[in-house]
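Here is the structure we will look at.
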Amino acid sequence: MVNAMHEWALAESIIMAVIDLAKRENAKEVVEIELLIGGLQTIDLEIFEFALNELKKETIAKNAKIRFVKQKPKFKCNVCGYEWIVDDLNKVLSEEEIESIHFIPELSHVFMKCPKCGSNDFDIVEGRGVLLKGVRIVK
Amino acid sequence: MVNAMHEWALAESIIMAVIDLAKRENAKEVVEIELLIGGLQTIDLEIFEFALNELKKETIAKNAKIRFVKQKPKFKCNVCGYEWIVDDLNKVLSEEEIESIHFIPELSHVFMKCPKCGSNDFDIVEGRGVLLKGVRIVK
Amino acid sequence: MSVDARIYRIKKTLGGIKNIIGVVSGKGGVGKTTISAVMSLILSVKGYSVGLLDLDFHGPSCHTILGIKDLEYEEEKGINPYRITKNLYFASIYPFVKDEYVPLRGKALSNALIEFLSILNWRKIDYLIVDMPPGMGDILLDIVRLIPNSKFIAVTTNSVLSIQTVGRLIKFIIDSRLELQGIIANMIRNYDTRARRLAEELSVNFLGSVPFDADYENTIGNPQSILGTKLASALKEIVERHIT
Amino acid sequence: MSVDARIYRIKKTLGGIKNIIGVVSGKGGVGKTTISAVMSLILSVKGYSVGLLDLDFHGPSCHTILGIKDLEYEEEKGINPYRITKNLYFASIYPFVKDEYVPLRGKALSNALIEFLSILNWRKIDYLIVDMPPGMGDILLDIVRLIPNSKFIAVTTNSVLSIQTVGRLIKFIIDSRLELQGIIANMIRNYDTRARRLAEELSVNFLGSVPFDADYENTIGNPQSILGTKLASALKEIVERHIT
Ligand SMILES: Nc1ncnc2c1ncn2[C@@H]1O[C@H](COP(=O)(O)OP(=O)(O)O)[C@@H](O)[C@H]1O
Ligand SMILES: Nc1ncnc2c1ncn2[C@@H]1O[C@H](COP(=O)(O)OP(=O)(O)O)[C@@H](O)[C@H]1O
Ligand SMILES: [Mg+2]
Ligand SMILES: [Mg+2]
Ligand SMILES: [Mg+2]
Ligand SMILES: [Mg+2]
Ligand code: NI
Ligand code: NI
Ligand SMILES: [Zn+2]
Ligand SMILES: [Zn+2]
C-alpha cells in the first residue's frame, strides 16, 4: 500500500528538518530543497516524492522545488583498500537482503563482502541513502 | 632518559612507513618528509626529531628534509555542536592526564569535557598527534 | 549540510512516551537483556502499555526470551513495532538480520541506530524499556545525546569485576546529569553486599536484588512460564516498589 | 595521505610472538577476562613466556584478577608491558585511566587501539593472550585486520542466550578464514550440552568445560590462590591438551 510505505518516514524527517531550518533562519519561504538519494537504500523515489509534496503542503516549504541528486553506492574496504561501486544491487543480494538494507543501510555489512578480499569491514563511502544536502530560502 | 622516550616509537613508525612507501614507488631517494604534529599528544619535538634523524641514517631517506606542520588541538562536541581549540593543555588538564593523553590521545575523552555542555562526546577534529602527511621522492 | 534530518522524527516519535528507561551496566552478561524483557512483561501484565527496544545490534536476544520467531514489521508511514500482546510492543533488528553475524564498527552502529529510531512508530505508551549493549560506545552515547530525558537502571552482579565496571558507568550517568533510577543486583546467590555498598558510595538508590534462579533458563522462550519464576517475582516487587 | 604509519610498528613488535590468541565470545559476561587472565597465569607457571593484553577499554579488569594495583609502564623507545613475573608481561589501558569512565565511540576506540599497539614493545614471547571486549565492533574488526595470524578461542556458557551470540561470532571467524582453536564452555553447573552441540554443528573443536566455581570469586586479586581453584584446574587441563 503506497500510503503506508516507510518512505513516508524518510520524507517526514526531511520536511521537519527543512521547516525548522527555515524558521531558525527567519525565512519567508523555502524555494528549494536539495536531496541526495543514495542507491544503497533503494527507496521508491516516486512514493518518496509524493510524500514530500504531501507533507510540505501548508508549510513554509509549500512552493519549494525538490531536487534529487542520485548517487550510486560506493564502498571502500578497510582491510585491503579496494574501492567499488555497485550498479545493480540485485546482482549481489537477495530480495530479502535488499529489503533489510532498505530499512537500515548499514545492514549491508551483514550481507555484502569486499569483492577483493572477502571482508565485511568496509566503509560506505557514498550513496548510502536519503540525505538533506541543501535548503534555499528567501527572507 | 632521552634515549628511552616513547617518541622513538612514533619516529620508528614514521620511518618504517616512509621507507616502505619509497620502495613501493621504486624511489631512488626520499627528499622530504612532511609531518603533522598535533598538539594534543604534546610530544617532545626535539627528541622526536633527533629520533627521526637517527632512524633514517643508512636508509633511503637518509638525506630527507623533515618538515613539521604544527596544529593546535581542535574539538567538536557531538551533543551541542560547539567547536573549540585548546591553546594550552596545562590550563585544563593535570600533568598526569596530559601524560596519559600523550600516550593515547583518545584518552582526552576521559579527562576533557565540552566547555559548553559538559559532554565527553566530542570529536578530535584536528591536532590529534603525529601524522605522516606527505613524502617527496626522486626516482 | 551537517543537519541530520532523522533526529527530528526521532524526537517526535519518542515524544509521546511517558517513561523511557535504559537498562545499562557497561558490563556484559549481568542480565540487562533478561531484566529488560522480563520487566516489560511484568509491566504489560499490570496493564501498562509498554515498548521493548533491543539495541544490542551485535547480539540481539530479547526475541529469544520472549519466544518470538517469525516477527515481521508492518509498514505504516514508517515501521510499527511488533505487537506481542495488545499492550506490549517490540522492536529489534532481529527480523532484518536473523541469525547472521552483524559486524558493525561504531560509526555504522550509530548510523544504524539513528536510522532505526527515526523510522519506528511508537504509540503514546507508558514505558519504553531499552535493552542496551555492554560498553560505553556509540549506542550509549547516542541514546544520551538523542534522548536526554531517558532514565536509567543499572544492573550488576555481586562480583568485583561487575561492580567496578558498573561503577564507572554510573559515574558517567551522574556526571552527564541524567536520571538514574537506581541499581538492581542480579543473579544473587548469597550476598548482595558489594552492590549495596556501591549504591551507598555513589549515593544512588538500591532498587533490590534478583536471585540467581537455576529454573529460569528452562523458561526462556515462554513468557507465561517466565512470569512464574522466582526471578520474575523478585523483579515484580522491584517494579511495584520503584518503577510504577 | 592515507597511510597509517603506526601499522608498520605494530607488525614489527607483534612479529616476534609465536602464538597470538584472542579470547572472544561476542557475548559479555561469559568469562573471557577470567579465562584470559587465568590461562596466562597457567602458561607462565608452566615456564612459557607470556603476554596478557587487556583490550576491553570500556571496562578493563584483567589487573583486578591479577591483583595489580600500582602498575606503571617503563619507557624504552616505546612502552614496555608491565612485568608481573619473570616471564609474564601485561598491558592494559588501566594505568592511564585508573577508575575513570572511558566513553569512547568506535572511531576513537579504533584509534586508541592502534596507537596503543604501535607503542608497546613486546618481547619474543611464546604466547600473547588477548582479552577481547564483547560485541563485534571496532576492536574485533581491527584485530582481525591488523593481526591476521591471530588465533581465537571462543568462550560461551551453556545458556541459549550465550550460545546464539557466540554462534554468530564463530561463523564470522570461520567466514573470515581465521584460525579458531575451539570453544571453551565456562561456568558449567550441570550440563555443557548446548556448547558441545554448537561445536558439533559448526564443526569446530570443543576444547573442554570449566565448572562454575563458587570459590573463585574470593581468590580474585590473588594469583597464587586462583591457581588452586577448580576453575584453574579445569583450565589447566584444557591448556595442556589443546594450547601447548
Ligand atoms: N537472575 C538470573 N538467574 C539465572 N540466570 C540469569 C539471571 N539473570 C540472567 N541470567 C542469565 O545470565 C546470562 C546473561 O544474561 P543477559 O540478560 O543476557 O545479560 P546481558 O544482557 O547483561 O548480557 C543469560 O544466560 C541469562 O539467561
Ligand atoms: N568458572 C567460573 N566460575 C565462577 N565465576 C566465574 C567463572 N568464570 C567467570 N566467572 C565470573 O563471571 C563474571 C564474568 O566473567 P568475566 O571474565 O568478567 O567475563 P567477560 O570478560 O566475558 O565479560 C565475573 O564476575 C567472573 O568473576
Ligand atoms: Mg547472504
Ligand atoms: Mg579529571
Ligand atoms: Mg544483553
Ligand atoms: Mg571481559
Ligand atoms: Ni520502504
Ligand atoms: Ni613520550
Ligand atoms: Zn577488501
Ligand atoms: Zn557540547
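Quick caveat: nothing in here was measured; it's all calculated off a predicted structure. Chain naming here is simple, since letters A, B, ... match the order of the sequence lines and numbering starts at 1 in each.
- Contact tally against chain D (heavy-atom pairs below 4.5 Å) for Gly59(C), Ala108(C), Pro103(C), Pro134(C): the top residue is Pro103(C).
- For a residue to count as touching a neighbouring chain, one of its non-hydrogen atoms must lie under 4.5 Å from one of that chain's; by this rule Val160(D) touches chain C with backbone and side chain alike.
- The shortest side-chain heavy-atom distance between Phe90(C) and Leu71(C) falls under the 4.5 Å cut-off.
- Between chain D and the residues Ile170(C), Asp142(C), Thr165(C), the most heavy-atom pairs under 4.5 angstrom are made by Asp142(C).
- At a threshold of 4.5 Å between non-hydrogen side-chain atoms, the residues Ile65(C) and Tyr216(C) count as touching.
- Taking chain C as the reference chain and counting heavy-atom pairs below 4.5 Å, the highest number among Ser110(D), Gly137(D), Gly26(D), Gly31(D) is found for Gly137(D).
- To the nearest 0.5 Å, the span separating CZ on Phe212(D) from CD1 on Ile188(D) amounts to 11.5 Å.
- Asp138(D) has a carboxylate O that lies under 4.0 Å from a charged side-chain N of Arg105(C), or vice versa, which qualifies the two as a salt bridge.
- If you measure heavy-atom distances from Pro133(D) to chain C, you find no contacts under 4.5 Å at all.
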### Task
For Val38(C) and Thr229(C), run side chain to side chain contact (heavy atoms under 4.5 Å, CB included): C-alpha distance rounded to whole Å, both residues' side-chain angles, the deciding distance at 0.1 Å, then the answer.
CA-CA 10 Å; Val38(C) 181; Thr229(C) 60; 5.9 Å; no
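- The aromatic rings of Phe96(C) and Tyr73(C) are tilted relative to each other, their planes meeting at an angle between 30° and 60°.
- With respect to chain D, the highest number of heavy-atom pairs below 4.5 Å among Gly221(C), Ser159(C), Gly106(C) belongs to Ser159(C).
- No part of Asp56(D) comes within reach of chain C, as not one of its non-hydrogen atoms sits under 4.5 angstrom from that chain.
- Only the side chain of Ile220(C) has a heavy atom closer than 4.5 Å to any heavy atom of chain D.
- In this structure, chain D has no heavy atom under 4.5 Å from any part of Thr157(C).
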### Task
Under the side chain to side chain contact (heavy atoms under 4.5 Å, CB included) rule, what do Leu104(C) and Asn111(C) come out as? Steps first, then yes or no, please.
CA-CA 10 Å; Leu104(C) 296 179; Asn111(C) 228 336; over 6 Å; no
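- Between Met39(D) and Ile153(D), the closest side-chain pair of non-hydrogen atoms falls below 4.5 Å.
- Interface remark: of the candidates Lys32(D), Lys27(D), Arg189(D), Lys171(D), Arg189(D) forms the most heavy-atom pairs closer than 4.5 Å to chain C.
- For Arg194(C) and Glu217(D), the salt-bridge test passes: some basic side-chain N is under 4.0 Å from an acidic carboxylate O.
- Taking 4.5 Å as the limit, some side-chain heavy atom of Leu161(C) sits within range of a side-chain heavy atom of Thr34(D).
- Options Asn190(D), Asp175(D), Leu140(D) differ in how many heavy-atom pairs under 4.5 Å they form with chain C, and the most are formed by Asp175(D).
- Of the atoms belonging to Thr64(D), it is side-chain heavy atoms, and not backbone ones, that fall under 4.5 Å from chain C.
- Options Phe57(C), Phe172(C), Tyr101(C) differ in how many heavy-atom pairs under 4.5 Å they form with chain D, and the most are formed by Tyr101(C).
- Chosen from Ala214(C), Gly167(C), Pro60(C), the residue pairing most often with chain D at heavy-atom distances under 4.5 Å is Pro60(C).
- Among Val166(C), Leu109(C), Ile139(C), Val102(C), the residue making the largest number of heavy-atom pairs under 4.5 Å with chain D is Val102(C).
- Contact annotation for Ser162(C): neither backbone nor side-chain heavy atoms come within less than 4.5 Å of a heavy atom of chain D.
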